[in-house]
Amino acid sequence: MAEESLKVTNFIRDIINEDIKNNKNNGNVVTRFPPEPNGYLHIGHAKSICLNFGLAEEYKGRCHLRFDDTNPVKEDVEYIESIKEDVKWLGFDWGEDLYFASDHFDRLYEFALELIKMGKAYVCSLSADQIREYRGTLTEPGKESPYRNRTIEENLDLFERMKAGEFNDGEHVLRAKIDMCSGNLSMRDPTLYRIRKVRHHRTGNKWCIYPMYDFTHCLSDSIEGVTHSICTLEFENNRPLYDWILDTLGMDCHPQQIEFARLNLSYTLMSKRKLLELVEEGHVTGWDDPRMPTISGLRRRGYTPEAIRDFCGRIGVAKRDSMVDLSLLEHCIREDLNKRAPRVMAVLNPLKVVIINYPVDGVEEVDALNNPEDADAGKRKIPFTRELYIERDDFREDPPKKFFRLAPGREVRLKYAYYIKCEEVIKDKETGEVMEVRCTYDPETRGGWSEDGRKVKGTLHWVSADRSIESEVRLYDHLFTKEDPSDIAEGDDCRNYLNPDSLTVLRSCRVEPSLAGSLPGSRFQFERLGYFCVDPDSGENMPVFNRIVSLRDSWAKIEKKIKEG
RNA sequence: UGAGGUGUGGCCAAGCGGUAAGGCACCGGGUUUUGGUCUCGGUAUUCCCAGGUUCGAAUCCUGGCACCUCAGCCA
């Protein structure tokens, strides 16, 4: 993977290098990516996937894919499949190391028993509300549960009966006996097991008690022989508990938890809960809507795994809360596609051009380079006829300064074809709208150059009027108008910042005939416009293209400056 | 007012006592049959602030300040 050369070092690699130097873990590196199957993966997960699998690759270790499926109420097999697909699509392979936290339920139960026997865990019969009250606050210590000093025998009996289904949800929980006065709330006798009389998507009805994250995660890591358990910053407060459980049980394998800052991307959201809202409320068409920051959305939009991996390498890994500019992601996909996307001509907002000195039924084929960045990409033929379409933006009746496209009396190059000169403008008498531009062509400029060395200011893309294909093109913009839609005042709602123009559908676009029958997922550069990807919605005779990203547009900048004076 | 973290250019991010890497963005020049690509050049006398140690501090010490996380039987 070429993009790996761009990787800079980071504090996690420093830690691992130090560990290897000290022969900790016999020099092995085992990481894991532990998604909960309760939603689709997004670009923030991609950061974690690239980190964990990337480290494993780099240090010749392994990275486990482990589904953290301890809460059957929220989880579903649908998500398991999508997560596997996304990880694979990103280019990573967990090999034999596919696990489910639920695979470890039996051993977890044994560990809980052990803790009880050590007097380090007890069955608490306080209600959820009471537990909250007893917990104290951020600044005040908590109070010990009246059930805290039940005998080991009583605890064993109660826990056994919890497992046997003798109690209802919420009647009892198993808690660790740690310190109700700890400044760290997660050490104030945290819940280890709760009763949930629901069917689990993998273990069926075998269990009616399910272990909590804190209990499950560290032990699963330990059971699987993970060496470096990398997670996001919000788990920093949980690390003492992670360590306490492993230490108290005397686990041989004690992975090191390391926290890094999660990815935030401007103009979008990374919260699974909020993304689910967008889907359920119909603000987007689904998890794979091309505007979504999900892996499936980016995939449908046309992003490549290479570009996403490159992005993840460039953003770095650190502990500082940060917000990465969307322009970096856009840069990565442009850079990737510039090298490999075939060039093609397409007109999004067609304006008819009639070449008045060209034969009425004349057709000829001009040669076009498939990719000037790739010598092996070859050439193709494009039909040229008397009636053509150019982009409406490429003609101005009254051109501003520095506009060097078509205008009355001006000569421009039609790429790969001829120089044409605008002779006449036909307008709608009522509206004044330009309906057609009549031009002459210079037969001596075939191929788009002139022997006399004459310079033309502009080169336009074009398409034959009757030898082009009608198509639909979907243009995308930021989902939100606010750079950080999660930064909202109380009472405000991120939905208030949804961008009404995040999707623009163009239905009368014309694309060159070579695009007929393009397969969904194929990517192209539409010359002078941007990179586009064939959407699965495409019909037999109506291809649909998603704009992945526009080309950089320095004319747009100039024009903006002119307008601003 | 508890505990744990974090502060380096517009956005990321190296830096680990020897005098501020790199990328994105931005600005300018060149090349160009994509106003794309490519290419050349510019952009922090300064690292949250204030003291201190040192020949020398973004890096060490002290004291402030700002921001983030934690009071689920979620993860």
Side-chain angles (χ1 to χ4, degrees), chain A residues 6 8-10 14 34-36 38 68 70-71 73-74 124 126-128 131-133 135-142 169-175 181-188 190-196 209-210 212-214 216-217 231-240 259 261 266 272-273 311 313-332 334-335 338-339 343 345 368-369 372-373 402-405 413-417 419 447-449 456-461 483 525-530 550-559:
Chain A
L6 282 165
V8 283
T9 187
N10 61 53
D14 291 346
E36 183 187 13
N38 67 344
D68 223 325
T70 58
N71 187 359
V73 177
K74 290 188 175 177
C124 180
L126 253 21
S127 70
I131 286 183
R132 188 179 319 118
E133 280 168 36
R135 185 154 32 226
T137 68
L138 293 177
T139 52
E140 301 157 32
D169 289 16
E171 275 188 63
H172 308 281
V173 293
L174 184 73
R175 291 226 253 169
C181 295
S182 172
N184 182 341
L185 302 227
S186 65
M187 296 298 270
R188 319 241 264 227
T191 302
L192 266 22
Y193 267 90
R194 76 291 216 190
I195 300 171
R196 281 261 196 288
I209 54 173
Y210 292 96
M212 299 287 289
Y213 165 83
D214 286 305
T216 308
H217 204 86
C231 61
T232 44
L233 250 28
E234 67 270 26
F235 291 100
E236 224 155 10
N237 296 318
N238 302 48
R239 179 158 26 100
E259 311 85 10
S266 54
K272 271 196 215 173
R273 202 192 92 245
F311 172 75
R314 289 181 190 237
I315 55 179
V317 177
K319 300 197 68 157
R320 163 175 8 174
D321 285 308
S322 62
M323 166 80 71
V324 175
D325 238 86
L326 188 62
S327 64
L328 181 59
L329 218 210
E330 294 181 339
H331 167 82
C332 292
R334 283 192 186 108
E335 188 173 80
N338 176 52
K339 288 177 306 201
R343 271 56 170 175
M345 295 214 276
L369 253 27
E373 302 293 318
K402 291 186 180 168
F403 180 88
F404 41 83
R405 278 116 94 144
R413 170 190 297 116
L414 292 183
K415 186 155 180 156
Y416 299 129
Y419 290 2
W449 63 281
V456 287
K457 295 140 271 197
T459 300
L460 311 187
H461 61 277
E483 180 164 354
Q525 184 197 99
F526 288 1
E527 295 257 7
R528 302 209 304 137
L529 295 173
S550 67
L551 251 29
R552 292 184 66 209
D553 187 353
S554 56
W555 164 242
K557 280 181 201 164
I558 296 169
E559 198 179 27

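Reminder, nothing fancy here: chain letters follow the sequence lines and each chain counts from 1.
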So what's B:G17 paired with, Watson-Crick or G-U wobble, going by both distances under 3.5 Å? none
Parallel, tilted or perpendicular: which one describes the rings of A:Y213 and A:F235, with boundaries at 30° and 60°? tilted
Just to be sure I understand the rule, does A:L192 reach a base, reach only the sugar-phosphate, or reach nothing, if contact means heavy atoms closer than 4.0 Å? nothing
Kindly say if A:R196 contacts the phosphate of B:C74, meaning a side-chain N or O under 4.0 Å from OP1 or OP2. yes
Both distances under 3.5 Å, Watson-Crick or G-U wobble: report the partner of B:A44, or none. none
For A:K402, which contact category applies under a 4.0 Å heavy-atom criterion: base, sugar-phosphate, or nothing? base
Pairing partner of B:U62 (Watson-Crick or G-U wobble, both distances under 3.5 Å): B:A50
Across all strands shown, which nucleotide pairs with B:G56 by Watson-Crick or G-U wobble geometry, both distances under 3.5 Å? none
Is it true that A:E36 and A:K74 have a side-chain N and a carboxylate O under 4.0 angstrom from each other? no
For B:G35, the Watson-Crick or wobble partner whose two distances fall under 3.5 Å: none
For a quick check of understanding: with a heavy-atom distance under 4.0 Å over all strands, which category does A:M187 fall into, base, sugar-phosphate or nothing? nothing
Looking only at the side chain of A:R314 (C-beta and beyond, no hydrogens), which of the listed nucleotides B:G23, B:C27, B:C11 gets closest? B:G23
Under 4.0 Å, heavy atoms only, any strand: does A:R413 hit a base, just the sugar-phosphate, or nothing? base
At 4.0 Å (heavy atoms only), tell me whether A:L233 reaches a base, stays on the sugar-phosphate, or touches nothing. nothing
Salt bridge A:R194-A:E171, side-chain N to carboxylate O under 4.0 Å: no
is_close_aromatic(A:W555, A:F403), centroid dist under 6.0 Å: yes
Is it the case that B:U37 (base atoms only) and A:N338 (side chain only) share a donor and an acceptor within less than 3.5 Å, ignoring hydrogens and angles? no
How would you label the contact of A:Q525 with the nucleic acid (heavy atoms, under 4.0 Å): base, sugar-phosphate, or nothing? base
On a heavy-atom basis, the closest approach of A:M187 and A:S182 is CB-OG, 3.6 Å
Below 4.0 angstrom from OP1 or OP2 of B:A75, is there any side-chain N or O of A:R194? yes
B:G22 -> Watson-Crick or G-U wobble partner, both distances under 3.5 Å, gives B:C12
Syn versus anti for B:G4, judged by chi lying within 90° of 0? anti
Take the protein atom CZ of A:R334 and the nucleotide atom P of B:G23, then report the distance between them rounded to whole Å. 17 Å
Assigned partner base of B:C70, Watson-Crick or wobble definition, under 3.5 Å: B:G2
Less than 5.5 Å between centroids and less than 30° between ring planes, does A:W555 satisfy that with B:G35? yes
Answer yes or no: does a side-chain N or O of A:R552 lie under 4.0 Å from OP1 or OP2 of B:U37? yes
Any N or O donor-acceptor pair under 3.5 Å from the base of B:G35 to the side chain of A:R405? yes
Choose from B:C73, B:G2, B:C74 the nucleotide whose nearest atom is closest to any side-chain atom of A:V173. B:C73
Give one of base, sugar-phosphate or nothing for A:Y193, where a contact means two heavy atoms less than 4.0 Å apart. nothing
